[in-house]
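Scope of the values below: all heavy atoms of this structure, side chains included, with no hydrogens, waters or symmetry mates. Owing to the predicted nature of the structure, the values given are computational and were not obtained by experimental measurement.
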Amino acid sequence: MELRYLTAFVAVAEELHFGRAAKRLQMAQPPLSQQIRQLEKELGAQLFERNTRSVRLTSAGESFLGPVRTVLDDLDLAVRAVKAAGRGEYGRVTVGFAGASSHEALPLLTGAVRAAHPGIALILTGQTYADTALARVAEGSLDLGFVRLPASRPGVRTRVIGEEELICALPGDHPLAARERIALTDLADQPFVSFPANAGSSLRDAMVRACESAGFTPRVVQEAPDSHTILALVAAGVGVTLTLTSVQHVQSTGLVYRQNLMPCLTKPLFIWMRHLLRIIKRN
């Protein structure tokens with residue numbers, strides 16, 4: 001079965017008109033009709049019901065369309081992978097990230113790489129906080145990662161991809177939950193839930209700096225390794241926390257988010273080593 005027959009079949013199936021399909025394929029209509037007849041002969045089944053007024057798929061044609069599209073898509077991916085390999089665009093790239101705040105940027109990155117560079121395998125490493133990400137990028141065991149400002153290390157380049165605001169997360173039945181905005185000073189006597197102090201979390205550092213700028217040190221009563229767990233503890237009434245606007249998609253019964261009267265911005269970054277979205281030629 002020739003590949004051109006499959007391409008012709010998909011064009012006619014999508015256009016449901018031989019003339020438009022022929023124009024789309026940049027060929028004359030008689031050869032296109034001949035290809036469809038030859039394909040039907042090889043399959044031993046009629047794929048289209050056609051007359052002078054209309055063309056429509058038969059049940060056999062409808063069953064055939066999905067698998068043929070898959071075959072053509074896989075073939076296109078294989079061709080692009082070979083071309084990418086010829087340009088040196090192949091190998092593995094390790095990406096470090098941490099927490100729920102990467103849920104928007106990370107899928108965009110992985111989707112774009114799969115579409116543009118099918119020869120690249122992305123190795124995703126979670127629970128990689130800022131200090132660890134910077135150290136691993138500098139030593140070469142990580143190619144790029146998501147961290148937040150301030151972030152600097154010799155030999156590591158950064159690129160800002162967005163800005164976020166520190167917001168307060170607190171139990172829904174908390175007295176402060178009735179307010180639309182909360183001053184940081186209102187949290188001075190509150191118990192806090194946060195990342196471990198030794199995890200290298202830039203979010204915890206930002207929380208501590210914001211509270212200290214308001215004249216107090218946050219009293220952390222419980223620590224957790226990720227934003228989902230921290231917010232679950234907040235919803236359970238263990239304490240309050242300062243988190244980021246990017247995690248507001250995390251919803252839980254009894255959890256509310258409120259803006260601060262003294263907002264503090266923190267910028268999430270990609271940490272890029274060597275070439276930005278250029279492939280490191282290694283296995």
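Residues Ile182 and Gln259 fail the side-chain proximity criterion, which asks for heavy atoms closer than 4.5 Å. Side-chain contact between Leu187 and Cys168: present, with at least one pair of heavy atoms (C-beta onward) separated by less than 4.5 Å. Inter-residue side-chain proximity for Phe192 and Val221 is flagged as unmet; no heavy-atom pair is nearer than 4.5 Å. Between Val12 and Leu32, some side-chain heavy-atom pair lies under the 4.5 Å cut-off. Between Tyr257 and Thr245, the closest side-chain pair of non-hydrogen atoms is not below 4.5 Å. Within the 4.5 Å cutoff, the side chain of Glu165 has no heavy atoms near those of the Leu244 side chain. Using a 4.5 Å heavy-atom threshold, the side chains of Val234 and Pro171 count as touching. Annotation: side chain of Arg258 is not in contact with side chain of Ile167 (no heavy-atom distance under 4.5 Å).
Closest heavy-atom contact between Ala13 and Leu57: CB-CD2, 4.0 Å. Of all the heavy atoms in Leu39 and Tyr5, the pair that sits closest is CD2-O, 3.7 Å. Closest heavy-atom contact between Leu231 and Ala169: CD2-CB, 3.7 Å. Closest of all the heavy-atom pairs between Ser194 and Met207 is OG-CE, 3.6 Å. Across Ala8 and Gln35, no two heavy atoms sit closer than the pair CB-OE1, 3.4 Å. Minimum interatomic distance between Cys211 and Leu242 (heavy atoms only, all atoms of both residues): SG-CD1, 4.1 Å.
For Gln34, the CD atom sits in a loose shell: 12 or fewer heavy atoms of surrounding residues, nucleotides or ligands are nearer than 6.0 Å. Atom CG of Asp189 has 12 or fewer neighbouring heavy atoms from other residues, nucleotides or ligands inside a 6.0 Å radius.
Side-chain atoms of Gln46 come within 3.5 Å of backbone atoms of Phe48 as a donor-acceptor pair (strictly under, hydrogens ignored). Side-chain atoms of Thr58 do not come within 3.5 Å of backbone N or O of Glu49 as any donor-acceptor pair. When atom types are taken as modelled, the side chain of Thr185 and the backbone of Ala214 share no donor-acceptor pair closer than 3.5 angstrom. A distance-only check finds no donor-acceptor pair linking the side chain of Glu139 to the backbone of Arg136 [under 3.5 Å].
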task: Starting from the C-alpha separation in whole Å, work towards a yes-or-no answer on side chain to side chain contact (heavy atoms under 4.5 Å, CB included) for Leu255 and Leu170.
output: CA-CA 6 Å; Leu255 176 68; Leu170 63 162; over 6 Å; no
query: What do the steps show when you test Arg20 against Glu14 for salt bridge (Lys or Arg N to Asp or Glu O under 4.0 Å), and what is the final call?
result: CA-CA 10 Å; Arg20 289 195 299 268; Glu14 292 177 348; over 6 Å; no
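The CG atom of Leu166 sits 9.0 Å away from the CZ atom of Arg209 when rounded to the nearest 0.5 Å. Going from atom CZ of Phe64 over to atom CG of Leu47 covers 6.5 Å, rounded to the nearest 0.5 Å. Separation of atoms OG1 (Thr243) and CD (Gln248) is listed at 8.5 Å; rounding is to 0.5 Å.
With respect to the salt-bridge test (charged N to carboxylate O, under 4.0 angstrom), the residues Glu15 and Lys23 do not qualify. A salt bridge links Asp186 with Arg179; the closest basic N to acidic carboxylate O contact falls under 4.0 Å. Between Arg56 and Glu62 there is no salt bridge, since none of the side-chain N atoms of the basic residue sits less than 4.0 Å from a carboxylate O of the acidic one. At a threshold of 4.0 Å, the pair Glu40-Arg50 counts as salt-bridged, since one of the basic side-chain nitrogens sits closer than that to a carboxylate oxygen.
Side-chain atoms of Asp226 and Thr229 include a donor-acceptor pair closer than 3.5 Å.
No single ILVMFWY cluster, assembled from side-chain heavy atoms under 4.5 Å apart, contains both Ile123 and Val93.
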